[in-house]
2 protein chains.
Amino acid sequence: MTDTGREVHLAERPHGVPTVDNFRIVEAPVPTPSDGEVLVRNSYFSVDPYMRGRMNAGKSYVPPFEVGQVMDGGAIGEVIASESDALPVGATVLHRYGWRDYAAGPAEAFQPVDPTLAPTVSAYLGALGMPSFTAYVGLLDIAEMRAGDAVFVSAAAGAVGSIAGQIARLRGASRVIGSAGTDAKVAYLRDTLGFDAAFNYKTAPVAEQLKKAAPEGIDVYFDNVGGDHLEAAIGSLNRHGRVAACGAISVYNATEPPPGPRNLGLIVGKRLTIRGFIVGDHNDRQQDFAREVGGWLRDGSITFQETVVEGIERSPEAFLGLLRGDNIGKMVVKLHD
Amino acid sequence: MTDTGREVHLAERPHGVPTVDNFRIVEAPVPTPSDGEVLVRNSYFSVDPYMRGRMNAGKSYVPPFEVGQVMDGGAIGEVIASESDALPVGATVLHRYGWRDYAAGPAEAFQPVDPTLAPTVSAYLGALGMPSFTAYVGLLDIAEMRAGDAVFVSAAAGAVGSIAGQIARLRGASRVIGSAGTDAKVAYLRDTLGFDAAFNYKTAPVAEQLKKAAPEGIDVYFDNVGGDHLEAAIGSLNRHGRVAACGAISVYNATEPPPGPRNLGLIVGKRLTIRGFIVGDHNDRQQDFAREVGGWLRDGSITFQETVVEGIERSPEAFLGLLRGDNIGKMVVKLHD
């Protein structure tokens, strides 16, 4: 063990598309845990689309990152020093201290997980973690998906979308349709994840492709994208259709307010519901999620993939790549073997 | 009784703002009721904003009017000939045969009402009828308004909005805010209907005026208007806020698809719900409505006003005036004393 570790700080706030100059890798002394605290060496940390919003100033549903401070967020590692009876050295723990080699804090801020239940512990940042839980809550509670519904998922090869589509299939959707931004992702959706139809939104207008992929319309739209995807979905939604508004990656870098869907007026006649949500409000569903999705992961009904970028120094790049759609499945940064 | 009566036909479909040339007043023989049928002489018929959508071709939630046919819709009158045991001559009945002096049809198509329960029978087209029921369902079931909510209503001096605002007050809203298009209407909302705040949306941007009128934000928005009202409401909605999307009169005459709210992305972080509805789906709530709102009307807790246009020949004008906002409260066409 060395005396210092690296941290990723927000160097400055981006205007529009972020660049690597917005981040700074900083060498910092490894903290010493005080009474009741533990010291953790991280194995992986998470880069997520919602972090783009936190790079801006101003309140959102999570506080913004602060300039000159570490980018916090989901991370997983091992306890290497403990001043708490609650967490022994060697425990694998999930926490929110984010983009750094070492993290220290009160034992309560670290959630022990069983590393033997996952192929790699990084799964606790993705398929066994927040993104999957987001898919579960969004699809079942927010969009109230029922057996027989035709379900459309955007950013369907991403960490959330890839699980949402599979849950839809396993919960008896009549048809699962996904959109993604490369032909390789489209093939992955159809051939590996079992989507009934999938299309590359970059090759033709979304509305047109969605109509072809779902000739009888859709009942549920799981929205990770916003913009023309949302407009197309509103156009294809059947009477009493529901939208779970999870994110809008298509407009996160916009410098001007983007126009909303031109066909929003259809929500009256079609009796549509569009509902935004934040997964953190739904922790009462955590056990249902662990039981149901955990079971599907264990028996292979749900499969997942990760895009692993190695080296903390490449984490800004990894994040920028995520916003461009370079990932298939969950994107994580790996810090050491 | 004469041998003929007048009917209003759709002469041609409008492009953009309708004109009187889109309508034709036609003289037609008074029908003779067959077995099981009744003949009704209308006292009033209803002109409603949703009828603008029905002037266009193409499917909507109600079938379009047909060129060369009578404009159908809500009307009330008296049975003057009956070939049915179910409805005697003299009964006051509500029906959907619309813009005409005389209507005949099967007795089941006519709903008898008690004329002594209303100041004038026209109330069955407004405060005791579909528009009030729309306000009730939209506010309580769709927007799930609860005591303590701050409630914003647009087109608040109209048939639906004026009742929605009063129900909100009586159901314990912390604050009721209304918008309308003239200073006289704004005064009516504040001085007669008991709104806590009201503003004229034509004198300054809606978002700005709404922020002033509801400095602590709103929890519910009852949307009759769409457009910049909806955008302003999304901006002012508090976390977990709800929108009942009832109509969008601001865009009914648009010839190009209008842009949606530029701030729709806020629905995620704020956990907003926007839900469209059609009152006809909610007939199971009719009895609750009659009991609760009927009671408030009888004891004077809810007041209402009507804008009465006399003479079937002026009905196209009445309808065009409604779309311009010439009415306070429900607009009806009166056919005879």
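Residue numbering restarts at 1 for every chain, and letters A, B, ... go by the order of the sequence lines.
- By a heavy-atom distance cut of under 4.5 Å, A:Ile274, A:Arg275, A:Gly276, A:Phe277, A:Ile278, A:Asp281 are the residues of residues 274-284 of chain A near chain B, going up by number.
- Residues in residues 240-264 of chain B take part in these salt bridge (Lys or Arg N to Asp or Glu O under 4.0 Å) pairs, two or more places apart or across chains: B:Asp149-B:Arg242, B:Glu231-B:Arg262.
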Would you check, one step at a time, whether the test side chain to side chain contact (heavy atoms under 4.5 Å, CB included) holds for B:Leu264 with A:Leu230? CA-CA 10 Å; B:Leu264 190 61; A:Leu230 180 55; 3.5 Å; yes

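- Heavy-atom neighbours of A:His240 NE2 from other residues, nucleotides or ligands within 6.0 Å: above the threshold of 12.
- Contacts with chain B were tallied for A:Gly247, A:Ala245, A:Gly226, A:Gly265; A:Ala245 has the most, counting heavy-atom pairs under 4.5 Å.
- By the 4.5 Å heavy-atom criterion applied to side chains, B:Pro257 and A:Asn263 are not counted as neighbours.
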